[in-house]
Novice: 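What follows is a single structure, and I will ask about it in a moment.
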Amino acid sequence: MSTKKADDLEALDEQRRKRSENVAGADRWLISYADFMTLLLAFFIVMFAISQVNKAKVEGFEQSMQVAFGGKRPVTETAPPKANAPFHHLPSPVPLIAVPPAVAQAIRKQELAMMRMRDKLEKVLQPLINTHEVSIAHTPTGTRIRINASVLFANGSAQLQPEALQIVDAVGLVLKPLHYRIFVIGYTNNQPIRSAKYPSNWYLSSDRALSVLNRFLHDGVNPSLLSAVGRGKYHPAVPYTQKSMQQALAGNRRVTIVVQGNTRIIMREMTRTAEQGPTDTPNAIIN
């Protein structure tokens, strides 16, 4: 009899254990459901955030453009959204600047003139380019001509060497017919200099820039387009590291000639077009 009761108690305990396991397993779906709802909430928060247009930033952008274009409202257009694109029903948050045909033509003409100038410079300076003494590069605003000071000046001197006159004259004759602003910038390495004529590298770099500028005047370059700048040992082209120290000492002694495009003329043409409407013939003269 006692054995039967024991068996009944064991069976009852087994049923209770299985019932508790089934109840615990039935609640596991709540964990997945909670994770799904959290992700869904995060998704809608992101969708709501990117659908909002910051009017203050847009107005600040428009005001900045008005000031940049001489206080006049520039010609703008909103890019039409595609019918099937995401958020196509929302306005474009940033207006796009419409480039008038006259301005686009002036920019193309200037780019073509810069390209022809670089081709001429590469032709006359090719031997020095091959030996890495001269480099010519296109920049966002024009052209940069970098000449190593070792082919122009003796160490600690700002007087052009006889063979350097031919190099500077070759550049000056190419620049002479153009109507771009020309900046002659002198640099030195980080080795200190203290002499009666050059108390610091500031004096030496400035004097070297002036020597090249004066030679350009001798070549007939328009004086009103020329500027000379001395930057001393600062703004090195080659970093001073243990591995590149010798290369940096030699490469940072340089004279850089920056030919800047006529951005003022282009901006004036854009402002005039915004005020009067586009014309077929640009007023800007880009040589």
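Any value given below was found using the heavy atoms of this structure, including those in side chains, with hydrogens, waters and symmetry copies removed.
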Novice: So, for R208 and S157, which heavy atoms are closest and what is the spacing to 0.1 Å?
Specialist: NE-O, 2.8 Å
Novice: At what distance, to the nearest 0.5 angstrom, does CZ of R116 lie from CG of D119?
Specialist: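 Separation between the atoms: 9.5 Å.
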Novice: Working note: L175 + L225, criterion side-chain contact (heavy atoms from CB on, under 4.5 Å); need CA distance, chi angles, decisive distance, verdict.
Specialist: CA-CA 10 Å; L175 301 180; L225 301 176; over 6 Å; no
Novice: The test is side-chain contact (heavy atoms from CB on, under 4.5 Å); show your working for I145 and V255 and say whether it passes.
Specialist: CA-CA 8 Å; I145 308 154; V255 172; over 6 Å; no
Novice: Provide the closest heavy-atom pair for G232 versus S205 in the form atom of the first, atom of the second, distance.
Specialist: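 Where G232 meets S205 most closely, the heavy atoms are N-OG, 2.9 Å.
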Novice: Are any of the side-chain heavy atoms of R146 and S135 separated by less than 4.5 Å?
Specialist: yes
Novice: Other residues, nucleotides and ligands only: do more than 12 of their heavy atoms fall within 6.0 Å of CD on Q191?
Specialist: yes
Novice: Any link between V171 and V124 through a network of hydrophobic side chains (Ile, Leu, Val, Met, Phe, Trp, Tyr) touching at under 4.5 Å?
Specialist: yes
Novice: Within the supplied structure, the quantity of interest is the number of heavy atoms (other residues, nucleotides, ligands) at a distance under 6.0 Å from E163 CD; does it exceed 12?
Specialist: yes
Novice: Answer yes or no: are there more than 12 heavy-atom neighbours, outside H218 itself, under 6.0 Å from its atom NE2?
Specialist: no
Novice: Is L226 reachable from V259 through a run of I, L, V, M, F, W or Y residues, each pair having side-chain heavy atoms under 4.5 Å apart?
Specialist: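 Yes, V259 connects to L226 through the hydrophobic network.
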Novice: So, N148 side chain and A250 main chain: donor-acceptor pair closer than 3.5 Å or not?
Specialist: yes
Novice: Can you tell if the side chain of I147 reaches within under 4.5 Å of the side chain of V212, non-hydrogen atoms only?
Specialist: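 Counting from C-beta outward, I147 and V212 never come under 4.5 Å.
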Novice: What is the distance from atom CD1 of I182 to atom CG of N222, rounded to the nearest 0.5 Å?
Specialist: 8.5 Å
Novice: Tell me the closest heavy-atom pair linking Q260 and Y180, and the distance in Å.
Specialist: O-CB, 3.3 Å
Novice: Please check this pair: side chain of R231 against backbone of P236, looking for a donor-acceptor N/O pair closer than 3.5 Å.
Specialist: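 Side chain of R231 to backbone of P236, a donor-acceptor pair under 3.5 Å: no, none is there.
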Novice: To the nearest 0.5 angstrom, please state how far the CG atom of L152 sits from the CD1 atom of I167.
Specialist: 6.0 Å
Novice: Are R181 and S227 close enough that a side-chain donor and a side-chain acceptor fall under 3.5 Å?
Specialist: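 Yes.
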Novice: Atom NE2 in H138, atom CZ in R118: separation rounded to 0.5 Å?
Specialist: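 Rounded to the nearest 0.5 Å, the NE2-CZ separation comes out at 5.5 Å.
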Novice: Establish, from distance only, whether the side-chain atoms of Y240 and N252 form a donor-acceptor pair under 3.5 Å.
Specialist: yes
Novice: Between G230 and W202, which heavy-atom pair has the shortest distance, and what is it?
Specialist: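 Heavy atoms of G230 and W202 come nearest at O-CZ3, 3.4 Å.
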Novice: Going from CD on Q110 to OG1 on T141, what distance comes out if it is rounded to the nearest 0.5 angstrom?
Specialist: 9.0 Å
Novice: Can you see which heavy atom on T256 is nearest to which on R254, and at what distance?
Specialist: OG1-NE, 3.9 Å
Novice: Under a single-linkage definition using a 4.5 Å side-chain heavy-atom cutoff for Ile, Leu, Val, Met, Phe, Trp and Tyr, are V184 and L160 assigned to the same hydrophobic cluster?
Specialist: yes
Novice: Which atoms form the tightest heavy-atom contact between V221 and L217, and what is the distance?
Specialist: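 Of all heavy-atom pairs spanning V221 and L217, the closest is O-CD2, 4.0 Å.
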Novice: I'd like to know if I129 and V238 are part of one continuous hydrophobic network [Ile/Leu/Val/Met/Phe/Trp/Tyr, side-chain heavy atoms within less than 4.5 Å].
Specialist: no
Novice: Got a second to check how far D169's CG is from D219's CG, nearest 0.5 Å?
Specialist: 4.0 Å
Novice: Is there a side-chain contact between E133 and L125 in this structure, where contact means two heavy atoms from C-beta onward sitting under 4.5 Å apart?
Specialist: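 No. Closest side-chain heavy atoms not under 4.5 Å.
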Novice: Mark yes or no for whether S211, through its side chain, and A158, through its backbone, hold a donor-acceptor pair below 3.5 Å.
Specialist: yes
Novice: Is the number of heavy atoms from other residues, nucleotides or ligands under 6.0 Å of Y203 OH greater than 12?
Specialist: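 Check fails, neighbour count at 12 or below.
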Novice: Hydrophobic cluster membership, with links at side-chain heavy-atom distances under 4.5 Å among I/L/V/M/F/W/Y: are F36 and M47 in one?
Specialist: yes
Novice: Would you say the side-chain atoms of S244 pair up with the backbone N or O of Q247, donor to acceptor, closer than 3.5 Å?
Specialist: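 No.
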